[in-house]
Every structure is written in structure tokens, then in C-alpha cells.
Amino acid sequence: MSSTELPGLLASTVAPKPGVVAVADGERLDSVALPGLSLTVRSRPSTGPGLPPALFVHGLGGSSQNWSALMPRLEDVVDCEAMDLPGFGDSPPPDDGDYSVTGHARAVIRYLDASDRGPVHLFGNSLGGAITTRVAAVRPDLVRTLTLVSPALPELRVQRTAVPTGLLAVPGVAALFTRLTREWTAEQRVRGVMGLCYGDPGRVTPEGFTAAVHEMERRLQLPYFWDAMARTARGIVNAYTLGGQHGLWRQAERVLAPTLLVYGGRDLLVSFRMARRAAAAFRDSRLLTLPDAGHVAMMEYPETVATGFRELLVDVGELDAAGRRGARVGSGS
């Protein structure tokens, strides 16, 4: 993303922040200033000219770094950007304090409208899956395809392992948890998160674990870290209770974009049994199930997820069977 693509919108970081955000080889970070909102966008330019744009949206407590393993595996077929949602990663809180699913979806839409990159291949994980489902439902003109990795869609019977995350939405619980875990080290916190999110935490390399610890240490210094977590968790719970046309399952039924659904058999946060319901709800869907994956398949099995997305591109005519670009690539249709 260059300053010519976003005239007048690229800005320096709004305020000093603790630590330095990691940037992998081939990536860059830009801060995009919008009215009442500042977003950090991680980009990985495509290896060829004229490739269609893709935008990646992370889940609760995550950041654009959650897509750093997948983006290099797609740089020959799409132009990759991953955003830090307001209050997460390197993006400061939104001025209006709106951490609802709708508020986050509005941030994605505002960025796409301002950058004029749409329609994009839109990816979402967990909370990001709920957000991108809402974006695809209300703004189909912005979405070429939709890829959802363990999307956070309402479940009648929530897994017991997901209950502690949901409890963050209860007023006062985040503050209580902060006090109770004051003595926990960053390493302990990261091991807990990885145990919850990975089907096999042993797949994390020592380098990856060290990087995650450094990022956890940085985030814990942010004065708004727990507030953003609690308010966003509350936003997810509230979205689960909405009925009618604003309900997430009803909006899933309205999605027109060809959709790839990715579910992990060892997911402790989004039940694997929801895969079949999601496949029925999204009208033009394909289902990729990974029995050994947890909640973040794009981090555990990036090659497999990349292959699934390439097959989606073949289905929609953007790649031929040999993986070459088809006539529709870059057409803006």
C-alpha cells in the first residue's frame, strides 16, 4: 500500500506505544488515519502485477501477525493486507469506544471504502469470521470471496473450554482476572493461550514462542489492553443474542460471495460440530475440515489452508486447474 493509493490517509502512529511490533521479512506496516479511527495495516505485496487484493481480519486477542504464516503462501495469487482491529495489535482504541461486532465491521468497511481496494478476497478467523460475515452480508460489493477459519457464530451449546473467554464479557471479570493473574509471567500467559488455540502446541517453533512472548509483554504494557478484550468479548456475546435480520446466522444466509469454511477437529473455542450448520447456511460454500487443527488453522496448517483457498480460486475461475491466473483476476468484477 502506497501513499498514492491512500492520499492524505497515511499517518504516523497516533501516540507512543510500548515496545516494537514485529515485522517479518517481506512485510511492512502502515498506519492509516480515518475520522475517529486509526488502523495499522500489515501488507505483503504480491509477487506479480495486477493481482486481486485480499484482506485478513484476526480474532479476539489476536493481531495482523496471526496471518504472517499464511500470507507468503498466497503472495503469488493475491495482494495481501492484514489489519489490526481497533484496540488490538498496533491499532489504538476507536474514538467512540465501540468494540461491538458491528463496530469492528464498520472499521473494516471504512478502510475498504477509503483504500478503494474492494472487492477483496476477505478472510476472517474467530471473531474476525463474525466480523467478515457481517461485512459480506451488508456490503457484497466489497467482497469477491469469503474465507472463514473457525468463525465465531452463535452456538446453542457452547463448549466448556470456551466459557472462560465468554466470561470476560461480564462486567468486572476482566479486572478481577487481571488482579488474580498479576504474578503470571508472559511465558505462562502465552502457554495458556497456545494450549487453548492450537490443536498441538508442540507445532509452535521455539522462535515462534519467543516472538509470542515478546508480543505479550508489549501488549500487557498497553493501558487499554484488558478494556479492549472485555468490551470486544461483550460485543461477541451481544451479537450472539441478536435475532432477526441482524442475527449472524441470518446474515450468513445473505452472503452472496463464494465461501470457504475451515474448521479444526481439536478446536476448543468453536465447536467442530458447527461446521455442518455453517456449510448449510452459506449458500455457496465449500468445507475444509482439519481433524488435528485447533482454533487457528491458518497458523498451524498454513499450507493446507492456502491450498484450500487456491481451490476456491479455481472454482470461481480466477485460477485454472494448473494454478495459473484466469481471465477474471484483477478485473474488479
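Residues: numbered from 1 along the sequence shown. Computed from a predicted structure; not experimentally measured.
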### Message
Does either side chain, that of Asp84 or that of Ser64, offer a donor lying less than 3.5 Å from an acceptor on the other one?
### Response
yes
### Message
With clusters defined by side-chain heavy atoms of hydrophobic residues (ILVMFWY) lying less than 4.5 Å apart, directly or transitively, does Tyr224 cluster with Trp226?
### Response
yes
### Sequence-distant partners of Ser150, side-chain hydrogen bond (donor to acceptor under 3.5 Å, both in side chains), two or more places apart
Asp267
### Residues forming a side-chain contact (heavy atoms from CB on, under 4.5 Å) with Asp96, sequence neighbours excluded
Pro94, Asp98
### Message
By the definition side chain to side chain contact (heavy atoms under 4.5 Å, CB included), identify the one residue from Val120, Leu112, Val41 that meets it with Glu81.
### Response
Val41
### Query
Can you list the residues that meet the side-chain contact (heavy atoms from CB on, under 4.5 Å) rule with Ala211, with sequence neighbours excluded?
none
### Message
Tell me if a side-chain donor or acceptor on Thr259 pairs with a main-chain N or O of Ser285 at a distance below 3.5 Å.
### Response
no
### Check: Arg28 side chain, Val23 main-chain N or O, donor-acceptor pair, under 3.5 Å
no
### Task
State which residues pass salt bridge (Lys or Arg N to Asp or Glu O under 4.0 Å) with Asp25; sequence neighbours excluded, sorted by chain then number.
none
### Message
If I compare all heavy atoms of Met299 with all of Asn66, which pair ends up nearest, and what's the gap?
### Response
CG-O, 3.2 Å
### Task
Check whether any side-chain heavy atom of Leu51 sits under 4.5 Å from a side-chain heavy atom of Val78, and report yes or no.
no
### Query
Can you name the salt bridge (Lys or Arg N to Asp or Glu O under 4.0 Å) partners of Glu303, sequence neighbours left out?
Arg73
### Task
Could you check if a side-chain atom of Val255 sits within less than 4.5 angstrom of a side-chain atom of Arg283, using non-hydrogen atoms only?
no
### Query
Any ion pair linking Arg219 and Glu215 (charged N to carboxylate O, less than 4.0 Å)?
yes
### 4.5 Å side-chain heavy-atom contact, Arg139 and Asp113
yes
### Message
Do His58 and Asn125 make a side-chain contact, defined as non-hydrogen atoms from C-beta onward lying under 4.5 Å apart?
### Response
no
### Query
By salt bridge (Lys or Arg N to Asp or Glu O under 4.0 Å), which residues pair with Asp284, not counting sequence neighbours?
Arg286
### For the student: nearest non-hydrogen atoms of Val143 and Ala257, plus distance
CG1-CB, 3.8 Å
### Message
So does Arg203 get a backbone contact from the side chain of Glu300, meaning a donor-acceptor N/O pair under 3.5 Å?
### Response
no
#### Entry: Gly62 versus Phe88, closest heavy-atom pair with distance
O-CB, 3.7 Å
## Note on the structure
Closest non-hydrogen atoms of Ala275 and Leu287, given as atom of the first, atom of the second and distance, are CB-CD1, 3.9 Å
### Message
My understanding is that only residues two or more places apart in sequence, or in another chain, count here; which of them pass side-chain hydrogen bond (donor to acceptor under 3.5 Å, both in side chains) with Thr102?
### Response
Arg134
### Task
Could you tell me which residues satisfy side-chain contact (heavy atoms from CB on, under 4.5 Å) with Met71, sequence neighbours excluded, listed by chain and number?
Glu27, Arg42, Arg44, Phe56, Trp67, Cys80, Ala82
### Task
List in chain and number order the residues that pass side-chain hydrogen bond (donor to acceptor under 3.5 Å, both in side chains) with Asp95, two or more places apart in sequence or in another chain; answer none if no residue qualifies.
none
### Task
Quick one: list whatever passes salt bridge (Lys or Arg N to Asp or Glu O under 4.0 Å) with Arg266, sequence neighbours left out.
Asp292
### Query
Can you list the residues that meet the side-chain hydrogen bond (donor to acceptor under 3.5 Å, both in side chains) rule with His121, with sequence neighbours excluded?
Thr145, Glu318
### Nearest non-hydrogen partners of Leu248 and Ala152, listed with the distance
CD1-O, 4.0 Å
#### Entry: Donor-acceptor under 3.5 Å (Ser126 side chain, Gly59 main chain)
no
#### Entry: Within 45° cone and under 6.0 Å: Arg273 NZ/CZ vs Tyr263 ring
no
### Summary
Hits for side-chain contact (heavy atoms from CB on, under 4.5 Å) against Glu311, two or more places apart or cross-chain, chain-then-number order -> Thr307
### Query
Once the angle between the rings of Phe123 and Phe309 is folded into 0 to 90°, is it parallel (under 30°), tilted (30 to 60°) or perpendicular (over 60°)?
tilted
### Query
What's the spacing between His246 NE2 and Gln251 CD if we round to 0.5 Å?
7.5 Å
### Query
Can you find a heavy atom in the side chain of Pro45 that is under 4.5 Å from one in the side chain of Glu75?
no
